[in-house]
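Predicted model, so just to flag it, every value in this text is computed and none were measured. All ligand and atom numbering here is 1-based and tracks the order in the structure.
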Amino acid sequence: MSVRWGLIGASTIARQFMIDAIRAQGNGEIAAVMSSSPERATAYAGENNIPLAVSTLDALLGADIDAVYISTTNELHLEQALAAIKTGKHVLCEKPLALTSADARKMVAAARAAGIVLGTNHHLRNAGAHRAMRDAIAAGRIGKPIAARVFHSVYLPENLQGWRITRPEAGGGVVLDITVHDADTLRFVLGDDPVEVSCFTQSAGMAGSGLEDGAMCIWRFKSGVIAQSHEGFTTKFAGTGFEVHGSEGSLIASNVMTQKPVGSVMLRTARGEEQLSFDHDDLYTRSMHQFHAAIRGEGQPSATGDDGIWSLASAEAALQSASSGKAVKIDPKLGSMN
Ligand code: NDP
């Protein structure tokens with residue numbers, strides 16, 4: 001059975017990763033693309049060999065498609081996802097799922113009621129490095145996890161220095177862009193949920209309109225693990241990493257907070273140091289593989305709608321903490337959907 005996709009948004013992420021990820025599935029086809037601008041839709045379709053270009057959501061949802069991939073700016077995700085769900089299309093939505101966790105809950109509840117698959121495109125869960133860390137922790141190789149540190153401050157490439165640093169109403173800012181990923185990756189690797197966050201943000205010279213382009217968070221998890229994360233748009237030379245320190249060992253991963261299947265993971269214990277081996281499969285292709293399987297009724301997307309609610313509730317709490325100067329409890333209110 002082939003899966004015919006409609007792209008909602010003539011975006012950079014679709015062009016750089018997701019179009020290839022869909023076409024890498026034996027049965028994945030891109031049937032149409034929608035842009036709010038007819039000219040951009042036509043140009044994008046031409047450049048990416050997509051047979052149909054449309055400029056309204058109705059036209060896209062009326063096309064012969066099974067699923068949509070939403071990668072517009074963040075304020076549009078809610079309305080577009082709800083419309084797609086209404087027409088019975090499966091939805092893979094970019095993070096953050098919406099601007100508020102309350103809106104994300106509406107999307108997830110609608111998908112559940114309609115019996116369609118909704119996934120959140122948290123690519124980092126699909127990285128071999130993060131899966132190797134999760135497996136090592138679950139197997140007890142570092143003993144009892146105590147603390148984690150996430151280094152995810154990067155330099156926002158010039159071609160992406162648009163809405164993320166100028167448009168609060170579109171969900172700009174580094175917290176909705178990168179902290180959501182860090183909250184999700186911490187949950188995934190630790191197999192634990194964050195319950196509280198304290199956050200400082202800054203405007204270090206790139207973002208305007210009151211938006212933050214740097215953030216440091218301290219997280220407390222259900223098990224008692226504490227974590228710190230650093231997200232930024234303005235550090236050209238920082239490098240990325242992810243560490244988890246336990247009673248019997250430490251996992252130290254370098255260059256793993258990235259879109260590429262790269263980096264290394266070292267396990268250090270009383271026995272010495274060991275480089276963990278892991279697969280280097282493309283992250284987005286794996287995400288799409290899991291999504292196609294979920295459509296067939298085999299398992300779930302690598303990050304579900306509930307995972308998207310969790311990451312957004314975490315980022316939301318971080319923003320509330322930054323503006324109030326206080327630690328904020330994280331509550332995704334998942335119970336209220338059932
Ligand atoms: P882009 O800025 O490339 O695209 C977002 C929207 O901007 C498009 O839908 C398009 O609107 C509009 N746009 C694009 N190019 C132009 C242009 N030249 N002139 C005017 N408007 C333009 O954003 P990204 O691809 O970086 O991000 C899109 C979404 O994906 C966001 O939700 C983001 O958070 C997420 N993302 C996720 C990543 C991941 O790894 N999971 C990585 C990067 C982004 P229209 O469709 O109407 O043409």
**Student:** For Gly162, is the nearest heavy atom under 4.0 Å from an atom of ligand 1?
**Tutor:** no
**Student:** If you measure every N or O of Thr12 against every N or O of ligand 1, does any of those distances drop under 3.5 Å?
**Tutor:** yes
**Student:** So if I count the atoms of ligand 1 from 1 in the order they appear, which ones are less than 4.0 Å from some heavy atom of Ser36?
**Tutor:** 45 (P), 47 (O), 48 (O)
**Student:** Given Lys95, Arg164, His181, identify the one with the heavy atom nearest to atom 27 (O) of ligand 1.
**Tutor:** Arg164
**Student:** Tell me whether Ser37 has any N or O atom under 3.5 angstrom from an N or O of ligand 1.
**Tutor:** no
**Student:** How far apart are the closest heavy atoms of Glu29 and Ser2, and which atoms are they?
**Tutor:** OE1-OG, 3.8 Å
**Student:** If hydrophobic clusters are built from ILVMFWY residues whose side chains come within less than 4.5 Å, do Ile178 and Leu186 share one?
**Tutor:** no
**Student:** Locate the shortest heavy-atom distance separating Ile330 from Ala317; write the atom from each residue and the value.
**Tutor:** CG1-CB, 3.7 Å
**Student:** Closer than 4.0 angstrom: is that true for some heavy atom of Arg15 and an atom of ligand 1?
**Tutor:** no
**Student:** In terms of heavy-atom contacts, does CD of Glu79 have more than 12 from other residues, nucleotides or ligands at under 6.0 Å?
**Tutor:** no
**Student:** With backbone taken as N, CA, C and O and side chain as the heavy atoms from C-beta onward, which portion of Ile8 lies under 4.0 Å from ligand 1: side chain, backbone, both, or neither?
**Tutor:** neither
**Student:** Closest by any non-hydrogen atom to atom 32 (O) of ligand 1: pick that one out of Asp184, Ile70, Asn74.
**Tutor:** Asn74
**Student:** Going by distance only, is there an N or O of Leu160 that falls short of 3.5 Å from an N or O of ligand 1?
**Tutor:** no
**Student:** Do Leu319 and Glu212 have side-chain heavy atoms sitting under 4.5 Å apart?
**Tutor:** yes
**Student:** Should Ala10 be counted as touching ligand 1, given the test is an N or O pair under 3.5 Å?
**Tutor:** yes
**Student:** Could you see which bit of Tyr284 sits under 4.0 Å from ligand 1, with heavy atoms only: side chain, backbone, both or neither?
**Tutor:** side chain
**Student:** Which is closest to atom 38 (C) of ligand 1 in terms of heavy atoms, Arg40, Met34, Glu94?
**Tutor:** Glu94
**Student:** Tell me yes or no: between the side chains of Asp307 and Thr120, is some donor less than 3.5 Å from an acceptor?
**Tutor:** no
**Student:** Around atom 48 (O) of ligand 1, find the nearest protein heavy atom and jot down its residue, atom name and distance.
**Tutor:** Ser35 OG, 2.4 Å
**Student:** Any idea which atoms of ligand 1 are less than 4.0 Å away from a heavy-atom of Asn121?
**Tutor:** 41 (N)
**Student:** For Gly9, counting its heavy atoms only, list the atoms of ligand 1 lying under 4.0 Å from any of them.
**Tutor:** 9 (O), 46 (O)
**Student:** Side-chain contact, heavy-atom cut-off 4.5 Å: His245 with Ile142?
**Tutor:** no
**Student:** How about His230 and Ser153: do any of their side-chain heavy atoms sit closer than 4.5 Å?
**Tutor:** yes
**Student:** Less than 6.0 angstrom separating the ring centers of Phe188 and His130, yes or no?
**Tutor:** no
**Student:** Could you list the atoms of ligand 1 found under 4.0 angstrom from a heavy atom of Thr72?
**Tutor:** 9 (O), 28 (C), 29 (C), 31 (C), 32 (O)
**Student:** Relative to ligand 1, is Trp163 under 4.0 angstrom through side chain, backbone, both or neither, heavy atoms considered?
**Tutor:** side chain
**Student:** Looking at Val197 and Cys217, what are the two nearest heavy atoms and their distance?
**Tutor:** CG2-CB, 3.9 Å
**Student:** Within a distance under 4.0 Å of any heavy atom of Gln259, pick out the atoms of ligand 1 and give their elements.
**Tutor:** 40 (O), 42 (C)
**Student:** Applying side chain to side chain donor-acceptor pair (under 3.5 Å), name anything that partners Ser11, two or more places apart in sequence or on another chain.
**Tutor:** Ser71
**Student:** How far is atom 25 (O) of ligand 1 from its nearest protein heavy atom, and which residue and atom name does that atom have?
**Tutor:** Ile13 N, 2.9 Å
**Student:** Inspect the contact between Asp66 and Lys89 and indicate whether a charged nitrogen and a carboxylate oxygen are less than 4.0 angstrom apart.
**Tutor:** no
